[in-house]
Amino acid sequence: MDAADPLALGAFWARMLDADVADAGDGDTRIDPRSARSNAESIWVNKVPEPRVGRTRVHLDLRLADAEPAALLADGARLVREPTGEAHWWVLDDPEGNQFCVFPAKEGTRPGPFGLVVDSTDPAAQATWWAGVVGGTVEHESTNASVVDASGFPWDYWVFAGVPEPKTVKNRLHWDVDLVDPEPTALIGAGATLLAEPSARSNWWVLADPEGNEFCAFAPRAIG
């Protein structure tokens, strides 16, 4: 997650996710939700010089512990929109203007993130591409398409939501991918675009999917 102030934004999201905050170095922070089922749920908050521009195209969906988001609003979230019609969820803002959606408590589910939502001009193609990369099944609903049961994906749904406008600026939130091979050759062969190679300061590749969504790819890590 890009941030002008990683310390403040990291503290905010730690409150939202009931998480611990760790120092990630160079002024960055890492958020580790206490109820996480794997390290894949950790969120790095990284300092960037540029301000947020335009509407957030990648966001989290959160399940509340209560019927309404009063606790989140008391902890610093800002109300953008109340539930209305078929949109039975609240839209909130974090302190840097990044929107996220929150849903009321539901029996049989745990509070916290349950979905990653990405705006897309062609949701079916995007979901199919990512399912081809990470596995899982594509489900279609109205103008959206979702990937479920993807290998290593930490939440229930990866939703590509249909929007008319194409992506024009860098996303403020991106996901990381652990590679099976030492290099992202297969990803590039499948249609990803290489944006940056590993460097002295970063041991990962920066790639973009077919709609230009940036993501980082890491070589397999040694164990032990």
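Remember, it's a predicted structure, so these values are computed and weren't measured experimentally.
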For Pro69 and Leu92, the nearest pair of non-hydrogen atoms, with its separation, is CB-CD1, 4.3 Å
Practice item. Flag yes if Leu195 and Val48 sit in one hydrophobic cluster, no otherwise; membership is Ile, Leu, Val, Met, Phe, Trp, Tyr, and two members link when side-chain heavy atoms are under 4.5 Å apart. Key: no
side-chain hydrogen bond (donor to acceptor under 3.5 Å, both in side chains) pairs touching residues 102-113, sequence neighbours excluded, are Glu41-Arg110
Asp66 side chain vs Glu68 backbone, donor-acceptor pair below 3.5 Å: no
Between Val21 and Gly10 the two heavy atoms that sit nearest each other are CG2-O, 3.8 Å
- [ ] Given side-chain contact (heavy atoms from CB on, under 4.5 Å), test Arg172 with Arg57 step by step and report yes or no.
- [x] CA-CA 8 Å; Arg172 300 287 284 186; Arg57 290 182 70 88; over 6 Å; no
Can you tell me if Lys47 uses its side chain to pair, donor with acceptor, with the backbone of Ala4 under 3.5 Å?
yes
- Near Glu50 CD, under 6.0 Å, is it more than 12 heavy atoms from other residues, nucleotides or ligands? yes
Is there a side-chain contact (heavy atoms from CB on, under 4.5 Å) between His59 and Gln99 once you walk through the steps? CA-CA 7 Å; His59 72 264; Gln99 292 185 4; 5.7 Å; no
Residue pairs passing the ring pair (Phe, Tyr, Trp, His ring centres under 6.0 Å) test with at least one member in residues 82-112, sequence neighbours excluded, are Trp13-Phe100, His88-Phe103, Trp89-Phe103, Phe103-Phe114
Review point. Are any of the side-chain heavy atoms of Pro123 and Thr143 separated by less than 4.5 Å?
Key: no
*Check for a donor-acceptor pair, side chain of Asn144 on one end and backbone N or O of Gly162 on the other, with a separation under 3.5 Å.*
yes
Would Phe218 and Leu187 show up in the same hydrophobic cluster when neighbours are defined by side-chain heavy atoms closer than 4.5 Å? no
Could you list the donor-acceptor pairs under 3.5 angstrom formed between side-chain atoms of residues 202-217 and any protein atom two or more places apart in sequence or on another chain?
residue: Ser202; atom: OG; partner: Ser199; partner atom: OG; Å: 3.1
residue: Trp205; atom: NE1; partner: Glu197; partner atom: OE1; Å: 3.2
residue: Asp209; atom: OD1; partner: Glu211; partner atom: N; Å: 3.0
residue: Asp209; atom: OD1; partner: Gly212; partner atom: N; Å: 3.1
residue: Asp209; atom: OD1; partner: Asn213; partner atom: N; Å: 3.0
residue: Asp209; atom: OD1; partner: Asn213; partner atom: ND2; Å: 3.3
residue: Asp209; atom: OD2; partner: Gln126; partner atom: NE2; Å: 3.0
residue: Asp209; atom: OD2; partner: Trp130; partner atom: NE1; Å: 3.0
residue: Asp209; atom: OD2; partner: Asn213; partner atom: ND2; Å: 3.1
residue: Glu211; atom: OE1; partner: Ser120; partner atom: OG; Å: 3.2
residue: Glu211; atom: OE1; partner: Thr121; partner atom: N; Å: 3.2
residue: Glu211; atom: OE2; partner: Ser120; partner atom: OG; Å: 3.0
residue: Glu211; atom: OE2; partner: Thr121; partner atom: N; Å: 3.3
residue: Glu211; atom: OE2; partner: Thr121; partner atom: OG1; Å: 3.1
residue: Glu211; atom: OE2; partner: Asp122; partner atom: N; Å: 3.0
residue: Asn213; atom: OD1; partner: Asn171; partner atom: ND2; Å: 2.9
residue: Glu214; atom: OE1; partner: Asn171; partner atom: N; Å: 3.3
residue: Glu214; atom: OE2; partner: Lys167; partner atom: NZ; Å: 2.9

Worksheet entry | In one Ile/Leu/Val/Met/Phe/Trp/Tyr side-chain cluster, 4.5 Å: Val133, Val177 | yes
Sub-3.5 Å donor-acceptor pair from the side chain of Arg52 to the main-chain atoms of Glu96, do we have one? yes
Less than 4.0 Å between a side-chain N and a carboxylate O, is that true for Arg34 and Asp32?
no
- Query: If only atom types and distance count, is the side chain of Arg15 paired as donor or acceptor with the main-chain N or O of Asp75 below 3.5 Å?
  - Reply: yes
message = Please check this pair: side chain of Ser38 against backbone of Ala40, looking for a donor-acceptor N/O pair closer than 3.5 Å.
response = yes
Backbone of Gly25 reached by a side-chain donor or acceptor of Asp23 within 3.5 Å
yes
| request: Check the pair Leu9, Asp94 against side-chain contact (heavy atoms from CB on, under 4.5 Å), reporting the backbone distance first and the verdict last. | output: CA-CA 8 Å; Leu9 195 62; Asp94 73 13; 3.5 Å; yes
| task | Please step through side-chain contact (heavy atoms from CB on, under 4.5 Å) for the pair Leu116 and Leu60, ending with a clear verdict. | result | CA-CA 5 Å; Leu116 181 68; Leu60 290 172; 4.0 Å; yes
